[in-house]
Amino acid sequence: MQELLPFLRALTGDTAEVTTHDIGSSEAEGAEGAEEARTVGEAGAPSIRTAFVAPRRPGAAACSIVCEQWLVVEVGRHGGGRWELGHDDAGVAMAKQLLAGVVAGRVVETTAPGRSRVVVTLDDGATATETGYRGCLTALVVLPGWTRWGTTVRYEPYQGAEPCAEPSVRRRRPLGGRSAAGEGHRGG
């Protein structure tokens, strides 16, 4: 977090509110010796540091960072985008790429009941994809093709010309070509 927090604040500027919280530490953020007290084995219990990024633009994706055993980056509204990274240079570099993609608005989230898949496009054009499942029914209820017929949201960048009231949502037609109103495609 020591390296990510300044990067995150520089990346977002005044386009988002970055809130940090320490769990298990009585030291104030940035206090002398606070970083040493956060390591396991010193000064009692280990600390878990969190940062939550709330964009000021309504259609942009929120994200959070949790520094514990792993460096966890979470993106999206439905729990699908959760990357567990190491604290090594490669993990920190990946976290920075994910955060840059979120701030630039290169995030797509597809949801269906109990499921969410988040795709973040990185600066080099590669994509990072994570899928999350919630609840016990996801193991029992099979939803074939949910990534094709689920609801897809394309999040806005943190800054841009005109903010949208909501993210761009594309609801897909159910299989069989019939809409919710019962109108379907008639072949000829």
Side-chain angles (χ1 to χ4, degrees), residues 1-57 60-111 115-134 138 147 152-159 167:
M1 187 69 86
Q2 186 176 4
E3 186 178 340
L4 283 176
L5 201 52
F7 171 81
L8 185 58
R9 287 196 169 129
L11 188 65
T12 59
D14 63 351
T15 63
E17 182 178 342
V18 179
T19 307
T20 61
H21 186 69
D22 287 351
I23 302 169
S25 175
S26 60
E27 297 289 332
E29 179 183 327
E32 191 172 325
E35 194 60 39
E36 290 77 26
R38 286 195 247 313
T39 60
V40 178
E42 295 181 42
S47 171
I48 298 173
R49 299 199 67 199
T50 63
F52 180 74
V53 182
R56 299 194 194 290
R57 189 174 199 174
C63 63
S64 65
I65 304 168
V66 179
C67 290
E68 51 174 325
Q69 180 179 359
W70 302 102
L71 177 61
V72 179
V73 178
E74 293 182 333
V75 179
R77 295 185 179 163
H78 301 283
R82 179 182 167 90
W83 286 265
E84 294 180 358
L85 309 167
H87 287 279
D88 58 352
D89 291 340
V92 172
M94 181 63 173
K96 286 181 177 181
Q97 290 181 45
L98 289 167
L99 294 171
V102 171
V103 172
R106 297 187 306 261
V107 178
V108 177
E109 183 173 23
T110 302
T111 60
R115 296 152 173 83
S116 171
R117 175 170 291 162
V118 175
V119 179
V120 178
T121 303
L122 309 177
D123 289 335
D124 63 359
T127 58
T129 304
E130 281 294 324
T131 304
Y133 300 91
R134 291 198 180 219
T138 58
T147 57
T152 299
V153 177
R154 294 186 185 281
Y155 290 103
E156 301 285 328
Y158 278 33
Q159 58 186 338

Student: Can you tell me which residue among Thr111, Val108, Thr147 is in a side-chain contact (heavy atoms from CB on, under 4.5 Å) with Thr152?
Tutor: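 Per the side-chain contact (heavy atoms from CB on, under 4.5 Å) rule, the option paired with Thr152 is Val108, out of Thr111, Val108, Thr147.
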
Student: Can I get a per-line list of side-chain donor-acceptor pairs under 3.5 Å for residues 66-75, giving both atom names and the distance, sequence neighbours left out?
Tutor:
unit_1	atom_1	unit_2	atom_2	d
Glu74	OE1	Ser64	OG	3.4
Glu74	OE2	Arg82	NH1	2.6

Student: As an exercise, state the distance from CD1 of Ile65 to OG1 of Thr50, rounded to the nearest 0.5 Å.
Tutor: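 Nearest 0.5 Å value for the CD1-OG1 distance: 9.5 Å.
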
Student: Checking the side chain of Arg57 only, and the main-chain atoms of Pro157 only, is there a donor and an acceptor separated by less than 3.5 Å?
Tutor: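 A pair under 3.5 Å: yes.
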
Student: Taking side chain as C-beta onward, heavy atoms only, is Val18 less than 4.5 Å from Leu5?
Tutor: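 Result yes, sub-4.5 Å side-chain heavy-atom pair found.
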
Student: Listed by chain and number, what are the side chain to side chain contact (heavy atoms under 4.5 Å, CB included) partners of Ala62, not counting sequence neighbours?
Tutor: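 Here the qualifying residues are Phe52, Pro55.
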
Student: Which pair of non-hydrogen atoms, one from Gly81 and one from Glu130, has the smallest distance, and what is that distance?
Tutor: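 Nearest pair, atom of Gly81 first, then Glu130: CA-CB, 4.1 Å.
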
Student: Identify the two heavy atoms, one from Val118 and one from Gly80, that lie closest to each other, and give their separation to 0.1 Å.
Tutor: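 Residues Val118 and Gly80, closest heavy atoms: CG2-C, 4.0 Å.
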
Student: Answer yes or no: is there a donor N or O on one side and an acceptor on the other, between the side chain of Arg56 and the main chain of Asp14, under 3.5 Å?
Tutor: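 Present.
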
Student: Test of understanding: with side chain to side chain contact (heavy atoms under 4.5 Å, CB included), list the residues that count as partners of Asp89, not counting sequence neighbours.
Tutor: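 Asp89 satisfies side chain to side chain contact (heavy atoms under 4.5 Å, CB included) with no other residue.
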
Student: I need the Arg117 CZ to His78 NE2 distance, nearest 0.5 Å.
Tutor: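 Between Arg117 CZ and His78 NE2, I get 15.0 Å after rounding to 0.5 Å.
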
Student: What closest approach, in Å, do Ala61 and Val102 show between heavy atoms, and which atom pair accounts for it?
Tutor: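 For Ala61 versus Val102, the nearest heavy atoms are O-CG1, 3.6 Å.
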
Student: List in chain and number order the residues that pass side-chain hydrogen bond (donor to acceptor under 3.5 Å, both in side chains) with Glu3, two or more places apart in sequence or in another chain; answer none if no residue qualifies.
Tutor: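 Only Lys96 meet the side-chain hydrogen bond (donor to acceptor under 3.5 Å, both in side chains) criterion with Glu3.
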
Student: Taking side chain to side chain contact (heavy atoms under 4.5 Å, CB included) as the definition, give me every residue that meets it alongside Val103, ordered by chain and number, with sequence neighbours left out.
Tutor: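 Side chain to side chain contact (heavy atoms under 4.5 Å, CB included) check on Val103 returns Leu11, Thr12, Tyr158.
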
Student: Would you please name every residue forming a side-chain hydrogen bond (donor to acceptor under 3.5 Å, both in side chains) with Thr127, sequence neighbours left out?
Tutor: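 side-chain hydrogen bond (donor to acceptor under 3.5 Å, both in side chains) check on Thr127 returns nothing, list empty.
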
Student: Between Leu4 and Val92, is there a side-chain heavy-atom distance shorter than 4.5 Å?
Tutor: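 Val92 vs Leu4: side chains touch.
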
Student: Any idea which heavy atoms bring Gly91 and Leu85 closest together, and the distance?
Tutor: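 Residues Gly91 and Leu85, closest heavy atoms: O-CD1, 3.5 Å.
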
Student: Ignoring hydrogens, what is the shortest heavy-atom contact between Gly101 and Val107? Give both atom names and the distance.
Tutor: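 Where Gly101 meets Val107 most closely, the heavy atoms are O-CG2, 4.1 Å.
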
Student: Just do the side chain to side chain contact (heavy atoms under 4.5 Å, CB included) check on Ile23 and His21 with the steps written out, would you?
Tutor: CA-CA 7 Å; Ile23 302 169; His21 186 69; 3.5 Å; yes

Student: Tell me the side chain to side chain donor-acceptor pair (under 3.5 Å) pairs involving residues 99-109, sequence neighbours left out?
Tutor: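 Those involving residues 99-109 are Arg106-Asp123, Glu109-Ser116, Glu109-Tyr155.
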
